[in-house]
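Residue numbers start from 1 in every chain, and the chains themselves are labelled A, B, ... in the order their sequence lines are given, proteins ahead of strands.
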There are 2 protein chains.
Amino acid sequence: MAQPKTQPKQGDTAKDRILDSSVGLFGQYGYEATTARKIAEAAGVPVALINYHFGSKEGLYRAVFEKRAPAIYDQRVVGLQLARSEPDWDRRVELVVKALIVPMFGLRNGSDDGAFGRILARELSDPSSEGRGIFRELFDPVAEMMLDALGECFPEWTQAEVNWAYQTMLGAMMIVMMDIGRIARLSGGTADSSDPEAAAVHIVAILTAGLKHRDRSQTKHMQ
Amino acid sequence: MAQPKTQPKQGDTAKDRILDSSVGLFGQYGYEATTARKIAEAAGVPVALINYHFGSKEGLYRAVFEKRAPAIYDQRVVGLQLARSEPDWDRRVELVVKALIVPMFGLRNGSDDGAFGRILARELSDPSSEGRGIFRELFDPVAEMMLDALGECFPEWTQAEVNWAYQTMLGAMMIVMMDIGRIARLSGGTADSSDPEAAAVHIVAILTAGLKHRDRSQTKHMQ
DNA sequence: AAAAAACTTGAACGCTTGTTCAAGTGCTAT
DNA sequence: ATAGCACTTGAACAAGCGTTCAAGTTTTTT
């Protein structure tokens with residue numbers, strides 16, 4: 001590789017360089033532990049430029065999400081359209097699962113290096129994020145579309161069953177995005193989160209089967 | 001309830017009060033954003049006591065894990081013994097899944113309020129945690145036991161299949177522990193992560209079915 | 001070519017961070 | 001009683017934080 005990991009191209013504007021450099025740092029160290037000076041150094045600009053272009057550190061943080069989220073939204077919408085046009089029921093369930101997972105894992109193939117997924121995982125597990133409202137604004141809409149699609153696949157399920165199924169899928173996806181080597185360590189290298197295709201195939205297989213064959217006897221009357 | 005959430009009892013020693021107060025704060029704000037002074041204030045002691053008793057802020061952080069992890073370890077071991085003694089194969093798979101999930105969700109019933117689960121989720125998604133080695137020391141051993149038990153349930157599976165199955169289970173569990181209201185928001189209140197029994201029943205049902213019925217055609221020859 | 005706007009810079013600001021220190025308190029064992 | 005030890009305290013420390021500012025440079029508009 002010609003360039004180190006998340007180092008931005010030299011030709012971009014300073015604003016873009018800040019934006020791109022911060023993704024890797026926010027993902028690696030978290031919002032609090034990522035200092036403005038580290039970002040500025042990585043981008044090769046003075047610290048003051050962050051506040052000039054983004055108002056504040058949190059403004060930059062939001063800008064990172066606002067730049068990356070739409071692509072995921074679009075890919076999920078396309079994935080769900082594909083699922084709805086699938087007449088075969090078995091394949092349809094699998095396509096819904098893939099509509100959730102593939103757009104996220106696809107990131108790791110690009111120059112992203114999984115950093116954005118790690119930021120997402122952090123933001124999801126951070127109670128302070130409620131105040132920021134990033135998930136509510138940028139990801140809840142597509143989550144509701146996913147829930148509708150799931151409900152169409154299983155019309156007899158209760159709302160709670162549909163939602164817990166969605167969260168189970170989300171969690172399985174999340175743990176791959178968060179991983180930083182523990183999966184490879186535990187598996188002796190046979191499973192590796194940095195191979196997103198392999199991870200996706202395994203997880204989709206388990207989740208699809210889980211949805212299609214779940215035992216509802218304990219849950220369907222849970223009100 | 002007589003006492004507010006994670007407020008420690010007055011009778012405990014100062015060391016215990018620091019330890020107990022910090023769990024909630026680390027869970028709520030994360031390691032970096034939790035300041036020594038906030039912890040000291042919550043425990044009702046001067047800041048200097050943290051360094052006296054635990055050496056450093058990270059020392060306190062480690063102490064939190066070292067205090068809470070053994071209980072989870074023990075409960076998982078018992079759960080796996082129970083699973084191994086179950087002759088019925090279907091029920092055995094379910095018991096292995098439960099051996100992973102129940103000890104974790106059980107925490108939310110106690111005075112813990114889910115804070116420790118949130119710390120775990122953060123630590124798992126924090127690349128800096130590799131340096132601390134908390135997971136490697138405290139949770140990898142029982143993870144390997146879980147993997148062995150899973151492998152016994154499905155002797156024909158490859159190592160990768162066993163490991164991805166385990167990670168899928170772990171992720172589904174993690175997302176409930178991380179949750180801070182999004183599940184209730186998305187589900188209109190019909191699914192709620194603060195009701196651990198209900199969450200456990202749904203997730204165990206999906207995961208058990210996913211393990212038993214997964215399609216191996218795409219994965220069994222993945223080397 | 002002149003004026004305006006946008007961008008860049010290095011230094012400085014006030015504040016908070018984790019940690020240290022010397023002094024003081026209270027129990028425990030001799 | 002008294003020496004010893006563990007514990008507690010409030011004040012102080014240097015370092016680092018996000019942000020601001022006035023001055024400079026570059027680009028765009030008139």
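Here D:dA6 presents its P atom at 7 Å from OH of B:Tyr52, a figure rounded to the nearest Å. Summarising the geometry, the separation between OH on A:Tyr29 and C1' on D:dG18 is reported as 19 Å, rounded to the nearest angstrom. To the nearest angstrom, P of D:dC17 lies 13 Å from CD of A:Glu32. Look at CD on B:Glu41: it is 11 Å from P on C:dT17, rounded to the nearest Å. Rounded to an integer number of Å, the gap from B:Ile39 CD1 to C:dT17 P is 11 Å. Going from atom NZ of A:Lys38 over to atom C1' of D:dA15 covers 14 Å, rounded to whole Å. Atom pair B:Tyr31:OH and C:dG18:P shows a separation of 8 Å (rounding to whole Å applied). The CG atom of A:Asn51 sits 14 Å away from the C1' atom of C:dA12 (whole-angstrom rounding).
A salt bridge does not link A:Asp148 to A:Arg84: none of the charged nitrogens lies less than 4.0 Å from a carboxylate oxygen. Under a 4.0 Å N-O distance rule, the pair B:Arg136/B:Glu130 qualifies as a salt bridge. Look at B:Asp16 and B:Lys67 and you find no salt bridge, because none of the NZ, NE, NH1 or NH2 atoms lies under 4.0 Å from a carboxylate O.
Out of D:dT8, C:dG10, C:dC21, the shortest distance to the side chain of B:Ala48 is found at C:dC21. Picking from D:dT19, C:dT9, C:dT19 the nucleotide with the shortest atom distance to the side chain of A:Val47 gives D:dT19.
OP1 and OP2 of C:dA6 both lie 4.0 Å or more from every side-chain N or O belonging to A:His53. Dashed line: the shortest gap from a side-chain N or O of A:Thr35 to OP1 or OP2 of D:dC17 is under 4.0 Å.
Counting atom types as modelled, A:Arg37 pairs no side-chain N or O with a base atom of D:dG16 as donor and acceptor under 3.5 Å.
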Might you work through the side chain to side chain contact (heavy atoms under 4.5 Å, CB included) test for B:Thr190 and A:Glu161, ending with a clear yes or no?
CA-CA 9 Å; B:Thr190 57; A:Glu161 285 174 323; over 6 Å; no

